[in-house]
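These numbers come from the heavy atoms of this one structure, side chains and all, not from hydrogens, waters or symmetry mates.
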Amino acid sequence: MKSKKSLFFAIIATGSILWASVANAQNSKPTQKNSKETSSQIADFVFKNGAIYTIDSRNPKAEAIAITGKKISYVGNNAGVQAFIGNKTKVTDLHGQMLLPGFIESHIHPTLALFTKGADLQYDNINDLLINLKKWGDEHPNDKVIQGFGWRYFLFPTTGPTKAKLDSLFPDRPVMLIAIDVHSAWVNSKALEIAGINAKSPDPAPGLSYFQRDPKTGEPTGWIVETMAEQELLAKLAPPTIEVVNDATAGQLYKFSAAGITAAFDAGIATIPTESGFEAYQQLEKEHKLPLRIVGCYYWNNPAITDPVSKLILLHKKFNSELVQINTLKIMYDGGESQHTAVMFKPYADQPDSYGDFQLNPKLVAAAVLKAQANGLNTHAHSYGDSTTLTYLNNIEQAKKAYPNSPSRHTAAHAIFLTDKEITRLVKLNVTMQTSAQWFTPDPTLELMMKIVGKDVASTEYARLNSVLKAGGRLALGTDWPASGWVATYRPLDAIQVALTRTILPQYGKQQVMPVLPPENERITLDQALKAYTLDAAYVLGLENKIGSLKVGKAADIIVLEKDLYKIAASEISTTNVKLTMMNGKITYQAQ
């Protein structure tokens, strides 16, 4: 029987073979080609004849690049790179292919790979979903819990799904299905019975994270709202062991690398202790099997914890290695509009007496942001609603007045609904807008969103990427995988295409002519999208001086694409293949 350690790393073995194949080129000392060469000048890798886009405003384009050890040693033309080629240099002729800094994920959840297991529920009608769920359940008769991921909110009333349909399919087996945004679950009666959840069960956070109830009987309907309630149910149905979570995470990291990701902000470990998850990341680093840099956070979503920064300080001291760091307080300030848990200025159109409510007390958040600022640590707030973002900005303004020389960075994550007031304050306070561009398509979720928040809010406040950039703000992109509104993807090229087009990706859409999500003037340019996925995302991680652009002395985190994105239609970006990914001077993915 394999040990736990071998099981943990087995899933990433395929990616590790690629590393071994180039180990000699990276670790052996270069030999001199002639008397003019020196060992410090000779590169391990040279890429030439390429369409190289550096994301460096002083030197935006190049033909060739040299990599020596972990660093970039040359960026320039084909003639100049010749001096870096020795007998053991691996030289790649790009033949015009595009070379970029590696993509940097500014908000993603690698450890939630566990939540995507089971049946794929990403369907636009309930009959297809139920047919495929039944098929999956029948094909896995020995699974103690039938699991699935990706059901879409517009399939149900705004009061959420109910257990009846699942009971008819599986009366005797527990079912737990995670929503497309990971912020709620749909379960059957057997799951509620096993978990001991009934009319008398207390909600984890009443009004914020709860078990939806029948208004007459008080019995749970089968809709589990927000992560605290989800975790309570999961702990009783299918407790996520550290080994299972870490194995799923390790496999997902290799997929990220194949998509061109070389660094990521882990925006929260919710299923196991943060310390356990990051010990696994560091173990991969020690084994030279970590395919991307990880910057993480202390995930604060529990109102009972009143001093999260003290916990963050301890984690920051423990996890501060070359590739694995924790430097950020992730604040789960509100929820989302589908659950009516985003905090809005105007009442919800379908619930006129509700404005949403904060998951964490704003006074506690203000104190935490102040303490983070005092200690030079970053904050990253899930601020979905317009009112939440403004409240977070107020917290930051107070902290900056108290500690104006602090190096702390602050990020408004998602920022789905913004008025001009929040945009002006984002820019003034140097707060980054972090969001997921691939969500902003005219898919069926749009109609539901308009019903919930109202057409006036949806048409004036939703997805204002270009408005933030025009005002002089900083934009960082990240997919927030596995969370989504319609299609879950971790591929940066998917998000970049939607940022440019605001249309449904062709691989998911059925229409011949794709409508554009209004307003059309919120589309951004390729220059802006690439910077948002490289240099400005690096800023969120606190690594812009090390990665995010191609400059001599910076870390050798690069990707090669099969096509030059500037020479193809925007509608072709998402179907362009990643040919090679390199992180820290090591090839972590190479297409066969």
Side-chain angles (χ1 to χ4, degrees), residues 121-130 148-167 176-188 192 203-230 233 334-359 382 384-388 414 416-417 439-463 483-488 517:
L121 308 177
Q122 297 179 77
Y123 292 94
D124 280 349
N125 70 75
I126 192 66
N127 289 332
D128 287 347
L129 184 155
L130 294 173
F149 166 75
W151 58 265
R152 294 162 173 163
Y153 286 92
F154 62 80
L155 297 179
F156 306 99
T158 57
T159 51
T162 61
K163 56 194 174 185
K165 291 183 185 298
L166 298 182
D167 289 347
M176 181 175 182
L177 310 176
I178 304 298
I180 189 71
D181 67 350
V182 197
H183 281 261
S184 67
W186 176 22
V187 301
N188 68 345
L192 293 167
D203 291 326
L208 301 173
S209 184
Y210 54 88
F211 310 112
Q212 178 79 328
R213 316 275 180 168
D214 184 298
K216 295 181 179 179
T217 66
E219 287 291 333
T221 63
W223 189 27
I224 314 299
V225 179
E226 288 297 348
T227 54
M228 291 180 69
E230 285 180 282
L233 194 79
D334 70 350
E337 90 279 352
S338 297
Q339 305 85 2
H340 300 83
T341 50
V343 185
M344 307 295 292
F345 290 133
K346 296 180 179 180
Y348 283 98
D350 63 332
Q351 294 184 11
D353 59 341
S354 174
Y355 293 80
D357 203 355
F358 296 105
Q359 291 204 31
H382 175 116
Y384 210 92
D386 46 21
S387 183
T388 309
H414 313 312
I416 300 296
F417 301 101
W439 294 349
F440 306 137
T441 62
D443 57 68
T445 63
L446 182 64
E447 184 177 350
L448 176 64
M449 186 263 287
M450 287 185 171
K451 289 179 181 177
I452 292 172
V453 301
K455 289 186 178 180
D456 57 335
V457 172
S459 62
T460 60
E461 296 187 27
Y462 185 63
S484 186
W486 186 54
V487 173
L517 177 71

Return the minimal non-hydrogen interatomic distance between [X] and [Y], and the atom names on each side.
{"X": "Gly385", "Y": "Ala342", "value": "N-CB, 3.9 Å"}
{"X": "Ala229", "Y": "Pro204", "value": "CA-CG, 3.6 Å"}
{"X": "Ser338", "Y": "Ile452", "value": "CA-CD1, 3.9 Å"}

Under the rule for side-chain hydrogen bond (donor to acceptor under 3.5 Å, both in side chains), what residues qualify as partners of Thr441, not counting sequence neighbours?
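side-chain hydrogen bond (donor to acceptor under 3.5 Å, both in side chains) list for Thr441, sorted by chain: Asp443.
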Could you list the residues that satisfy side-chain hydrogen bond (donor to acceptor under 3.5 Å, both in side chains) with Gln122, not counting sequence neighbours?
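Counting only residues at least two positions away or on another chain, Gln122 forms a side-chain hydrogen bond (donor to acceptor under 3.5 Å, both in side chains) with Asp120.
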Taking His183's backbone N and O only, do any of them form a donor-acceptor pair with Thr227's side chain (distance below 3.5 Å, no angle check)?
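No, Thr227 side chain to His183 backbone: no donor-acceptor pair under 3.5 Å.
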Please confirm whether the backbone N or O of Lys455 pairs with a side-chain atom of Ser459, one donor and one acceptor, at under 3.5 Å?
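At least one qualifying donor-acceptor pair exists.
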Specify whether Trp439 and Tyr384 have parallel, tilted or perpendicular ring planes, treating 30° as the upper limit for parallel and 60° as the lower limit for perpendicular.
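Ring orientation of Trp439 relative to Tyr384: tilted.
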Evaluate the ring planes of His382 and His414, with Trp represented by its six-membered ring, and classify them as parallel (under 30°), tilted (30 to 60°) or perpendicular (over 60°).
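His382 vs His414 ring planes: perpendicular.
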Side-chain heavy-atom pair [X], [Y] within 4.5 angstrom cut-off:
{"X": "Leu208", "Y": "Asp357", "answer": "yes"}
{"X": "Leu121", "Y": "Phe149", "answer": "no"}
{"X": "Phe154", "Y": "Leu446", "answer": "no"}
{"X": "Ile180", "Y": "Thr445", "answer": "no"}
{"X": "Thr341", "Y": "Thr388", "answer": "no"}
{"X": "Val457", "Y": "Tyr462", "answer": "no"}

[X] side, atom [atom1]; [Y] side, atom [atom2] - distance, nearest 0.5 Å:
{"X": "Ile224", "Y": "Gln212", "atom1": "CD1", "atom2": "CD", "answer": "9.5 Å"}
{"X": "Asn188", "Y": "Leu192", "atom1": "CG", "atom2": "CG", "answer": "7.0 Å"}
{"X": "Ser354", "Y": "Met344", "atom1": "OG", "atom2": "CE", "answer": "10.5 Å"}
{"X": "Glu230", "Y": "Phe211", "atom1": "CD", "atom2": "CZ", "answer": "10.5 Å"}
{"X": "Trp486", "Y": "Phe440", "atom1": "CH2", "atom2": "CZ", "answer": "15.5 Å"}
{"X": "Phe417", "Y": "Phe345", "atom1": "CZ", "atom2": "CZ", "answer": "12.5 Å"}

Give every residue pair that meets the salt bridge (charged side-chain N to carboxylate O under 4.0 Å, His left out) criterion with at least one member in residues 209-218, sequence neighbours excluded.
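Passing the test, one end in residues 209-218: Asp203-Arg213.
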Results of salt bridge (Lys or Arg N to Asp or Glu O under 4.0 Å) for Lys346 - residues two or more places apart only
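Applying salt bridge (Lys or Arg N to Asp or Glu O under 4.0 Å) to Lys346 gives Asp456.
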Using the rule given for side-chain contact (heavy atoms from CB on, under 4.5 Å), can you reason through Ile126 versus Lys165, listing the C-alpha separation, both sets of side-chain angles and the distance that settles it, and then say yes or no?
CA-CA 10 Å; Ile126 192 66; Lys165 291 183 185 298; 4.3 Å; yes
For atom CD of Glu447, is the number of surrounding heavy atoms from other residues, nucleotides or ligands below 6.0 Å larger than 12?
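Open: at most 12 neighbouring heavy atoms sit under 6.0 Å from CD of Glu447.
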Under the ring-ring contact (aromatic ring centres under 6.0 Å, His included) test, residues paired with Tyr348 that sit two or more places apart
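Checked Tyr348 against ring-ring contact (aromatic ring centres under 6.0 Å, His included); matches are His340.
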For the aromatic rings, using the six-membered ring if either is Trp, is the centroid distance between Phe156 and Trp186 under 6.0 Å?
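Aromatic pair counts; centres sit under 6.0 Å.
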Going by the side chain to side chain donor-acceptor pair (under 3.5 Å) test, which pairs reach into residues 148-162, not counting sequence neighbours?
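Residue pairs with at least one partner in residues 148-162: Asp124-Arg152, Tyr153-Asp181, Tyr153-Ser184, Tyr153-Gln339, Thr158-Asp350.
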